[in-house]
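In what follows, a structure is listed as structure tokens, so that the remarks can point back to it.
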Amino acid sequence: MNIRRQLEERLSAALLAAVGKPMPAMVAPAAKAEFGDYQANGIMAAAKAAKTNPRKLAEAVLAKVDLSGLSEKVEIAGPGFINIHLRNEFLTAGVNALAADARLGVPPPDRPQRVVVDYSAPNLAKEMHVGHLRSTIIGDCLANLLVFTGQDVTRQNHVGDWGTQFGMLLAYMDRLGQSGQSADISDLEEFYRSSKALFDSDEDFARTARDYVVRLQAGDEHCRRNWESFLDQSLRHCEEIYQALGVRLTRADVYGESAYNADLPKVVGDLRAKGLLKESQGAQCVFLDEFKDAEGLPLPVIVQKSDGGYLYATTDLAAIRYRVGTLHADRILYVTGSPQALHFAQVFAVARKADFAPGDVQLEHIGFGSMLGPDGKPFKTRAGGTVKLMELLDEAKKRAYELVTGKNAADVAAGRANELDEQQRREVARAVGIGAVKYADLSQNRTSDYVFSFEKMLALDGNTAPYMQYAYARVMSIFRKAGLEVESVQASPIQLDQPQERALGLKLLQFSEVIDSVAANCQPNLLCSYLYDLARDFTGFYEACPVLDSPEPVRSSRLALSAGAARVIRTGLDLLGIQTVEQM
RNA sequence: GUGCCCGUAGCUCAAUUGGAUAGAGCGUCGGCCUCCGGAGCCGAAGGUUACAGGUUCGACUCCUGUCGGGCAUACCA
């Protein structure tokens, strides 16, 4: 059940009847408690369009609207807002339905969309570093969320497994082999560095490396075998990272640049056949009027270099064709950094022009800002190198372990918590440490840069993963104390008598609204702030409304309400890719 | 040069896409533990939303200009 949508539909219908033209009622949760539960903001705009007085129009809308059963009081306020106070019986029925619903009030879609989510996409020549973190975290969250809403999701890991650097790496593997050393690429970073150093200093080796690229592309069996073995080891490293992060990407989702290799000449051929191609300075280009250079001339999208090679625009065009033609995508999300905005705008424009992507296929670049260090500059090690992802995650877990260990000891001394053994503390530290890294990223507006700070993300207070996990553990401690399972009480009838119960119930019912917006706008920070609000509403309820000490049927009602809160928090965090723990 | 993004409390960030008196957290100050986990709760102070104009019932949001920052801008991805 989506309250907002119900109100929107009914009010929009009344608005249509009143002005004779379809106009959105613009229903939103009320900005302030005194304005009720929801407000309609669309009357003023509609009045302007219809050239009538907004307050009069509001009256006309209220005369026509059918909100029976939903609202107990509707008011016109200010220049023409409509404030809606919902009936308690309506909310109560909704909360009881949510408690019984495995999907927590999120309706399945009328027709599932096939959505391709392209994210993570590490370069397999090197070890994963912090530059891959945001794409991996944000993309995985969006994929989880779309799956939950019932869409048909295909994850695509567009790994960098092709290009000149692999010639260098393969040549280096062989050189080590010839001199009797085994090519140890367990430390990818070290292997890449050594081969790069040789490539830069030794002209002979550089020539050999370039020759290897040609051999690899020509399908030379030896090169091919070494290449595959290299990729296998590199992917194994990625999988360790994904596992450590709790990211749901697998081998089956890997569809790298090399997969499009054979298709690149066809892409260029098709563009030529459609008359979109122009040669310029020896390169094959598509010129687009909507992108201009300094002189106001159309900007080129180069799809084939003057030496015959292809570029990432070509690969991305081939990928669009594959995703539309073979995967039957209705919507494709590209989770990559904001600096690539122009690139994707160009690729999308070419894809439309060439009809690789029909107009009804949504192409969206889900851009994000950079991760900055505490100094506000790009996140680097003290020595100025790139930070390896595994080391970052290890440090997060280590810090979380110290935090958890110290806090648990204090809580045990104060008689507030059970003592956790070593094993339990390690598990909690993993959930908290990794959760902190992810939550800090996801709770931020995607498009802005953000400052990475272990201290802030592992802070004991505020809008952090530890706070959310604590809130969950606290709900669960009620059930532990009562000797009950969440599932065993969730069907009890819920009443919303106290204001705090009503506020919590309404918040639970808004879960589906938030899920809707996040799915539409790809803004996980909205889900974070919703969960934070929910946790605070729960705390308000918890402080004001005794659960276990209340007489029946209030006790059962409050237990069921708590169960609902626990399930929504757990589900919400799970969509963010964050684990919950029962005790901490 | 041109294009895109950004500039909000001392700090880190929000603001439901044009809605009502711009909200949280941290930090600061003041309260609350015979009470289901105080990693908590309640309250206070803190703002010319970079600046100057404009559009309208209404602007952090849209338009113009200025200042400051980031990114991109033909053969890396």
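So that the names make sense, note that chain A is the first sequence line, chain B the second, and so on, each numbered from 1. It should be emphasised that the depicted structure is a prediction, and the values quoted were computed from it without experimental measurement.
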*asked:* Less than 4.0 angstrom from a charged side-chain N to a carboxylate O is my criterion; do Arg425(A) and Glu427(A) meet it?
replied: no
*Select base, sugar-phosphate, or nothing to describe what Asn525(A) touches, counting heavy atoms under 4.0 Å on all strands.*
sugar-phosphate
*Which value, in whole Å, describes the distance between the C1' atoms of nucleotides G47(B) and C41(B)?*
26 Å
*Would Phe81(A) pass as stacked on A20(B), i.e. its ring centre under 5.5 Å from the base's six-membered ring centre and planes under 30° apart?*
yes
*Where each residue is assigned the nucleotide of RNA chain B containing its nearest heavy atom, which of Ser443(A) and Val432(A) is assigned the position nearer the 5′ end?*
Ser443(A)
*Could you work out the separation of U48(B) and G23(B) based on their P atoms and round it to a whole Å?*
15 Å
*Just how far, in rounded Å, is P of G18(B) from CG of Asn41(A)?*
12 Å
*In terms of side-chain geometry, is the basic nitrogen of Arg558(A) or Glu501(A) positioned less than 4.0 Å from the acidic oxygen of its partner?*
yes
*Within the structure shown, what part of the strands sits under 4.0 Å from Val451(A) by heavy-atom distance: base, sugar-phosphate, or nothing?*
sugar-phosphate
*For U17(B), glycosidic torsion class - syn if within 90° of 0, otherwise anti*: syn
*Measure the distance between the ring centre of Tyr467(A) and the centre of the six-membered base ring of A39(B), then answer whether it is under 5.5 Å with planes under 30°.*
no
*Return yes if the base of A72(B) and the side-chain atoms of Gln340(A) contain a donor-acceptor N/O pair under 3.5 Å, otherwise no.*
no
_Just to be sure I understand the rule, does Cys528(A) reach a base, reach only the sugar-phosphate, or reach nothing, if contact means heavy atoms closer than 4.0 Å?_
nothing
*Can you tell which of U56(B), G25(B), A14(B) lies closest to the side chain of Arg536(A)?*
G25(B)
_Distance-only donor-acceptor test, Ser529(A) side-chain atoms vs A24(B) base atoms, 3.5 Å_ = no
_Base orientation of C33(B), syn vs anti, 90° cut from 0_ = syn
*asked:* By the 4.0 Å heavy-atom rule, please label Pro546(A) as base, sugar-phosphate, or nothing.
replied: base
*Pair Arg5(A) + Glu513(A), salt bridge at N-O below 4.0 Å*: no
*asked:* Using a 3.5 Å limit on both distances, find every run of at least three consecutive Watson-Crick or G-U pairs that involves RNA chain B.
replied: B:1-7 with B:67-73, B:10-13 with B:23-26, B:28-32 with B:40-44, B:50-54 with B:62-66
*Between G19(B) and C76(B), how far apart are the P atoms? Round to whole Å, please.*
45 Å
_Asn2(A)-Gln510(A) side chain donor-acceptor pair, cut-off 3.5 Å_ = no
_Per-pair stack call Tyr312(A) and C76(B), 5.5 Å, 30°_ = no
*Distance only, no hydrogens: is a donor on one side chain within 3.5 Å (strictly under) of an acceptor on the other, for Asn261(A) and Tyr310(A)?*
no
_If I pick the P atom on U64(B) and the same atom on U73(B), what distance separates them, to the nearest angstrom?_
25 Å
*Are Gln500(A) and Gln498(A) close enough that a side-chain donor and a side-chain acceptor fall under 3.5 Å?*
no
*Taking the C1' atom of each, how far is U8(B) from G25(B), in whole Å?*
15 Å
*Looking at side-chain heavy atoms only, is the closest gap between Tyr212(A) and Gln217(A) below 4.5 Å?*
no
*Just checking Gln281(A): base, sugar-phosphate only, or nothing, at a heavy-atom cut-off of under 4.0 Å?*
base
*Would you mind classifying the nucleic acid contact of Ala283(A) as base, sugar-phosphate or nothing, using non-hydrogen atoms under 4.0 angstrom?*
base
Please list, one pair per line, the donor and acceptor atoms closer than 3.5 Å that link side chains of residues 413-420 of chain A to other protein atoms, with sequence neighbours excluded.
residue	atom	partner	partner atom	Å
Arg416(A)	NE	Asp411(A)	OD1	3.3
Arg416(A)	NH2	Asp411(A)	OD1	2.9
Asn418(A)	ND2	Gln583(A)	OE1	2.9

*For Phe541(A), check ring pair (Phe, Tyr, Trp, His ring centres under 6.0 Å) against everything at least two apart and list the hits.*
Phe538(A)
*Kindly say whether, by distance alone, the side chain of Asn83(A) makes a donor-acceptor pair under 3.5 Å with the base of A20(B)?*
yes
*Expressed as a whole number of Å, how far does the P atom of A59(B) sit from that of G53(B)?*
14 Å
_Please pick, from U17(B), G25(B), A15(B), the nucleotide with the shortest atom-to-atom distance to any side-chain atom of Asn521(A)._
U17(B)
*Of the nucleotides A20(B), U17(B), A74(B), which one has an atom closest to the side chain of Cys285(A)?*
A74(B)
*Taking the C1' atom of each, how far is U2(B) from G58(B), in whole Å?*
35 Å
*Contact nearer the 5' end of RNA chain B, comparing Ala417(A) with Phe35(A)*: Phe35(A)
_Spacing of the C1' atoms in U17(B) and A52(B) (rounded, Å)_ = 26 Å
_The side chain of Glu34(A) is closest to which nucleotide in this list: A20(B), U21(B), C41(B)?_
U21(B)
